[in-house]
Number of protein chains: 2
Amino acid sequence: MEVRKVSEAVIRRLPKYYRHLLILQKTGVERISSGKLAQQMRLNASQVRQDFNCFGGFGQQGYGYNVSTLLSEIKNILSLNQPYRAVVVGAGNIGTALANFEGFERDSIAIEALFDIDPALIGSSINGKPVLHTDELETYIKKNGISIGIIAARRSAAQNIADRMQAAGVRGIWNFAPMDLTEVEVPVENLHMTDSLLCLCYKMNQNNLYEE
Amino acid sequence: MEVRKVSEAVIRRLPKYYRHLLILQKTGVERISSGKLAQQMRLNASQVRQDFNCFGGFGQQGYGYNVSTLLSEIKNILSLNQPYRAVVVGAGNIGTALANFEGFERDSIAIEALFDIDPALIGSSINGKPVLHTDELETYIKKNGISIGIIAARRSAAQNIADRMQAAGVRGIWNFAPMDLTEVEVPVENLHMTDSLLCLCYKMNQNNLYEE
DNA sequence: TAGATTGTTAATCGATTAACAATC
DNA sequence: TAGATTGTTAATCGATTAACAATC
């Protein structure tokens with residue numbers, strides 16, 4: 001299975017396929033054609049086939065795709081067959097919400113600890129996860145084989161945290177701080193909540209009909 | 001200022017311009033060229049000019065763009081010159097984080113109440129915002145002129161909530177539930193946190209160099 | 001005026017969609 | 001075998017980038 005440059009657009013669709021296939025499997029659907037899948041997900045059948053063929057052909061002419069096979073292939077493409085250990089820096093609203101959220105566990109992504117500089121928080125725990133002083137970040141990452149660093153701190157601290165996470169050896173950074181990190185070699189996924197909300201404000205005031 | 005179909009890609013860049021210009025203004029920068037702005041934001045100068053020209057020309061040949069003017073134009077494009085009242089359905093992790101988050105207020109977006117069906121939560125308040133029973137959703141939206149509905153409930157409830165929000169008159173929906181809403185006429189912005197995390201997992205396992 | 005930089009048209013690049021031969 | 005549907009190539013569409021005349 002030879003993987004070439006996969007476009008960002010394709011990558012962003014992968015979790016959607018994954019989600020949808022999980023539902024299909026749970027519903028007991030055994031096979032699905034690109035046409036049906038496209039219809040359900042509001043995509044184009046050609047696009048679905050093109051997407052899958054970025055990673056090799058998982059289908060069978062005249063039959064379609066076996067849901068379980070496809071699901072496990074996509075799970076594999078997303079590298080969800082290995083566990084991930086994560087830490088969150090910033091035990092504020094977002095950090096707390098993430099620590100309380102159980103949904104990542106299905107994908108074997110476990111938040112193991114939080115870090116903050118607020119003395120009132122240090123030593124406490126959130127959903128059973130310890131809140132430690134940010135000074136201990138590097139040591140903890142190294143000692144516990146943490147591969148994902150989550151930045152849920154204020155903007156002004158984000159770059160420094162990213163640098164330190166990277167130096168300590170994380171393999172990826174999930175950034176909630178509303179800024180673009182620079183000089184980071186590991187992959188960064190930004191999740192800027194406010195940006196999304198502002199896009200909504202924009203769209204709310206366009207008189208375009210939102211009905212493709 | 002004649003506005004034609006603005007592409008999704010352009011729309012998604014608008015909040016980033018807004019954010020960056022806010023910083024420039026705060027730093028006391030008075031004017032900026034498309035070239036400089038592009039460099040700072042890691043975009044292309046032509047792209048920057050094209051983007052702005054979707055909405056009319058805000059610049060001046062030989063000078064560039066006045067930061068304050070440009071900022072206020074973009075603020076205007078994003079329709080941030082009006083206040084928005086919002087409610088959140090689902091007073092779980094995400095709902096609580098949103099209610100506690102003060103960052104939206106700068107943009108005059110105020111979360112006024114939360115809704116849930118858990119009797120243990122109803123009657124309480126989060127960051128001064130009441131948690132009400134979801135049965136009261138429609139009444140509240142109508143009575144208080146709520147324009148944004150935020151869905152932070154579980155997947156299985158999301159479509160129903162969306163339908164009810166829309167019927168009650170919200171002008172836009174911000175959806176955190178991991179599913180695609182259907183039959184909604186008002187604009188919907190999806191924010192699927194898990195999708196973003198899964199994209200990170202994908203990228204963490206590609207041996208591409210992430211260094212454009 | 002000369003230099004800088006926009007607004008805008010044209011060229012390029014990439015992603016989506018269509019078409020169809022291969023084949024289960 | 002006939003029908004269905006993939007994998008894949010070709011066509012189309014749209015977004016990004018380049019180029020440059022207009023003009024401050």
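Below, all heavy atoms of this structure are taken into account, side chains as well, without hydrogens, waters or symmetry copies. All chains are named by letter (A, B, ...) in the order of the sequence lines, taking the proteins before the strands, and each is independently numbered beginning at 1.
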Residues 93-100 of chain B side chain polar contacts: donor-acceptor under 3.5 Å, at least two apart:
{"unit_1": "B:T96", "atom_1": "OG1", "unit_2": "B:A91", "atom_2": "O", "d": "3.3"}
{"unit_1": "B:T96", "atom_1": "OG1", "unit_2": "B:G92", "atom_2": "O", "d": "2.6"}
{"unit_1": "B:N100", "atom_1": "ND2", "unit_2": "B:T96", "atom_2": "O", "d": "3.1"}

B:S68-B:Q25 side chain donor-acceptor pair, cut-off 3.5 Å: yes
Pairs satisfying salt bridge (Lys or Arg N to Asp or Glu O under 4.0 Å), at least one member in residues 151-177 of chain A, at least two apart: A:E138-A:R164
Sub-6.0 Å ring centroid separation between A:F55 and A:F52: no
Whole-Å distance separating the CG atom of B:N53 from the P atom of C:dT9: 10 Å
A:E8 bridged to B:K203 by N-O distance under 4.0 Å: yes
Short N/O separations, protein against nucleotides 20-24 of chain D, under 3.5 angstrom:
{"unit_1": "D:dC24", "atom_1": "O3'", "unit_2": "B:Q60", "atom_2": "NE2", "d": "2.3"}
{"unit_1": "D:dC24", "atom_1": "O2", "unit_2": "B:Q61", "atom_2": "O", "d": "3.3"}

Sugar-phosphate only, base, or nothing, as touched by B:S33 at under 4.0 Å among non-hydrogen atoms: sugar-phosphate
Ring centres under 6.0 angstrom apart (A:Y84, A:F104): no
Between D:dT6 (C1') and A:F55 (CZ): distance, integer Å: 18 Å
Non-neighbouring partners of A:S108 that pass side chain to side chain contact (heavy atoms under 4.5 Å, CB included), sequence neighbours left out: A:P83
Among D:dG7, C:dT6, D:dT5, the one nearest B:Y65 by side-chain distance: C:dT6
Pairing stems for DNA chain D [at least three consecutive pairs; Watson-Crick or G-U; under 3.5 angstrom]: C:3-24 with D:3-24
Atom-pair distance (NZ on B:K36; C1' on C:dT5), nearest Å: 13 Å
Approximate separation, where rounding is to 0.5 Å, of A:L78 CG and B:D195 CG: 9.5 Å
Side-chain donor/acceptor of B:D116 to backbone N/O of B:D118, under 3.5 Å: yes
B:Q50 side chain to B:N44 side chain, donor-acceptor N/O pair below 3.5 angstrom: no
Backbone of B:C199 reached by a side-chain donor or acceptor of A:E189 within 3.5 Å: no
Distances under 3.5 Å only, N/O to N/O: pair up the protein atoms with those of nucleotides 14-16 of chain D.
{"unit_1": "D:dT16", "atom_1": "OP1", "unit_2": "B:R13", "atom_2": "NH1", "d": "3.3"}
{"unit_1": "D:dT16", "atom_1": "OP2", "unit_2": "B:R13", "atom_2": "NH2", "d": "3.2"}
{"unit_1": "D:dT16", "atom_1": "O5'", "unit_2": "B:Q47", "atom_2": "NE2", "d": "3.2"}

Interatomic distance where CG belongs to A:L37 and C1' belongs to D:dT6 [whole Å]: 14 Å
Below 4.0 Å: OP1/OP2 of C:dT6 and any side-chain N or O of B:S34: yes
